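Just so you know, these numbers come straight off a predicted model, no measurement behind them. Along the sequence shown, residues carry numbers from 1.
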Amino acid sequence: MKIAVAKEIEICERRVALIPETVAKLVKQGLEVFVEAGAGEKAFFSDADYETAGAKIISDSAQLWSEADILLKVSPPQTREDGRAEIELLKPESVLISFLNPLGNPVIAQQLANRQITALSMELIPRSTRAQSMDALSSQASLAGYKAVLIAAAALPKYFPMLTTAAGTIAPAKVFIMGAGVAGLQAIATARRLGAVVEAFDIRPAVKEEVQSLGAKFVEVKLEEETVAAGGYAKEISEDSKKRTQELVASHVKNADIVITTAQVPGRQAPRLVTEEMVAQMKPGSVIVDLAAEQGGNCGCTEAGKDIIWNGVTIIGPINLPSSMPVHASQLYAKNVTSLMQLLIKDKALEINFGDDIVDAACVTHGGEIRNQRVKEALQAVAV
């Protein structure tokens with residue numbers, strides 16, 4: 001059983017799928033682990049660290065991909081500099097575990113199926129108690145929420161906490177966080193630790209207690225429709241509900257020094273929460289950090305990967321924030337991946353058990369077919 005860790009080639013991707021600590025655990029179980037040379041360098045894990053943990057370093061990337069029984073990545077397979085698709089390097093019937101974005105880019109699922117690859121997408125790990133240790137979306141979202149507040153604090157031309165000085169009293173910054181999922185809750189906690197007054201909004205009423213337990217005020221809108229999708233994620237709501245929501249949050253956006261938006265719907269355009277009209281009413285010097293920038297943005301002024309100033313308001317659209325903290329991002333992701341592999345490997349042999357709800361939910365392709373119904377529907381929509 002050969003487990004391979006690929007070096008990420010996507011621009012700005014600094015994470016690595018396994019760290020030396022998790023490699024050592026797998027080697028102790030009698031598994032062979034191969035690591036592509038330089039795979040951990042951007043996350044500050046050297047080839048020597050991996051060798052000490054028991055891994056074998058492979059310089060030939062094509063060899064690593066073609067010989068792997070299980071190949072581990074962070075970002076979806078890319079097209080290499082030589083023009084060859086990484087998927088074409090995988091040997092048929094091997095296993096790929098990675099973030100794959102199969103709902104946002106379902107074509108990749110068809111390519112993997114054509115190659116006879118068993119692909120498990122880390123985005124599709126179910127949100128259940130049993131799967132918590134494998135939930136990479138949550139582990140990475142927590143990092144994003146934390147870093148978003150730090151970015152906002154650095155951009156804000158004010159203090160965060162209330163300060164009483166000989167020159168007078170400084171009022172605390174007002175932070176409004178939209179979306180109280182994992183990223184939003186971490187953002188709340190971080191902003192509170194820095195001394196800000198925090199309000200938070202979410203269409204799911206069930207998160208009210210979590211928001212309040214972190215010391216934030218919950219801004220609630222009562223909608224006459226279901227707002228929770230499978231797995232506890234926020235569900236896309238009707239246009240009428242979106243309008244009511246925007247009307248409610250407008251005054252909170254207007255009064256905030258910082259707005260952090262985190263609302264995303266898998267495979268869909270991010271919901272528009274902050275309109276240009278709302279931004280126009282914000283105080284000059286205010287800051288918006290839009291964590292949904294890659295999905296089109298929660299703010300109407302957001303440009304993915306850019307910091308812009310619009311009507312005196314700084315709008316930041318970061319891409320792949322977890323990668324900016326590669327040490328802990330890799331540590332958490334490696335734990336998620338290793339936990340998942342414990343379900344796939346029994347007595348040093350690969351065992352894909354679709355009777356296991358986690359494996360069944362996460363597996364996108366197997367035996368030349370796309371198994372996930374939502375991915376099938378997304379692919380059909382692209383074809384149309």
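- The side-chain hydrogen bond (donor to acceptor under 3.5 Å, both in side chains) analysis of residues 85-96, with sequence neighbours excluded, yields the pairs D69-K91, R80-E86.
- For the ring pair (Phe, Tyr, Trp, His ring centres under 6.0 Å) condition, the pairs that include at least one residue of residues 245-299, sequence neighbours left out, are F176-H252.
- Salt-bridge annotation for K208 and E220: present, with a side-chain N of the basic residue lying under 4.0 Å from a carboxylate O of the acidic one.
- With side-chain heavy atoms closer than 4.5 Å counting as contact, directly or through intermediates, the hydrophobic cluster containing L163 also holds Y159, I170.
- Partners of F354 under the ring-ring contact (aromatic ring centres under 6.0 Å, His included) rule, at least two apart in sequence or in another chain, are H366.
- Partners of F99 according to the ring-ring contact (aromatic ring centres under 6.0 Å, His included) rule, which considers only residues two or more places apart in sequence or in another chain, are Y333.
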- [ ] Please test V211 against L185 for side-chain contact (heavy atoms from CB on, under 4.5 Å), starting from the C-alpha separation and ending with a verdict.
- [x] CA-CA 7 Å; V211 168; L185 292 172; 4.2 Å; yes
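- Without hydrogens or angle criteria, T262 side chain to G179 main chain gives a donor-acceptor distance under 3.5 Å.
- Under the side-chain hydrogen bond (donor to acceptor under 3.5 Å, both in side chains) criterion, no residue pair touches residues 19-28, with sequence neighbours excluded.
- For K254, there are no salt bridge (charged side-chain N to carboxylate O under 4.0 Å, His left out) partners two or more places apart in sequence or in a different chain.
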Enumerate donor-acceptor pairs with a distance under 3.5 Å from any side-chain N or O in residues 1-11 to protein atoms, sequence neighbours excluded.
from	atom 1	to	atom 2	distance (Å)
E8	OE1	K73	NZ	2.8
E8	OE1	S75	N	3.2
E8	OE2	V74	N	2.7
E10	OE1	S75	OG	2.9

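- Residues meeting the salt bridge (charged side-chain N to carboxylate O under 4.0 Å, His left out) test with D360, sequence neighbours left out: R371.
- Residues satisfying the salt bridge (charged side-chain N to carboxylate O under 4.0 Å, His left out) test with D357, not counting sequence neighbours, are R130.
- R15 and N320 share a donor-acceptor pair across their side chains, judged by distance under 3.5 Å alone.
- Closest approach of F218 to D202, counting heavy atoms only: CZ-O, 3.6 Å.
- Screening residues 271-312 for ring pair (Phe, Tyr, Trp, His ring centres under 6.0 Å), with sequence neighbours left out, gives no hits.
- For the residue pair D257/S286, the side-chain donor-acceptor check at 3.5 Å is not satisfied.
- Once rounded to the nearest 0.5 Å, the distance linking CD1 of I97 with CG of L120 reads 5.5 Å.
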Report all side-chain donor-acceptor pairs from residues 100-113 shorter than 3.5 Å, counting only partners two or more places apart or in another chain.
from	atom 1	to	atom 2	distance (Å)
N101	OD1	G104	N	3.3
Q110	NE2	N114	OD1	2.9

Open item on the list: Between D135 and Q132, does the side-chain contact (heavy atoms from CB on, under 4.5 Å) criterion hold? Intermediate values first, please.
Closed with: CA-CA 5 Å; D135 189 354; Q132 280 184 339; 5.5 Å; no
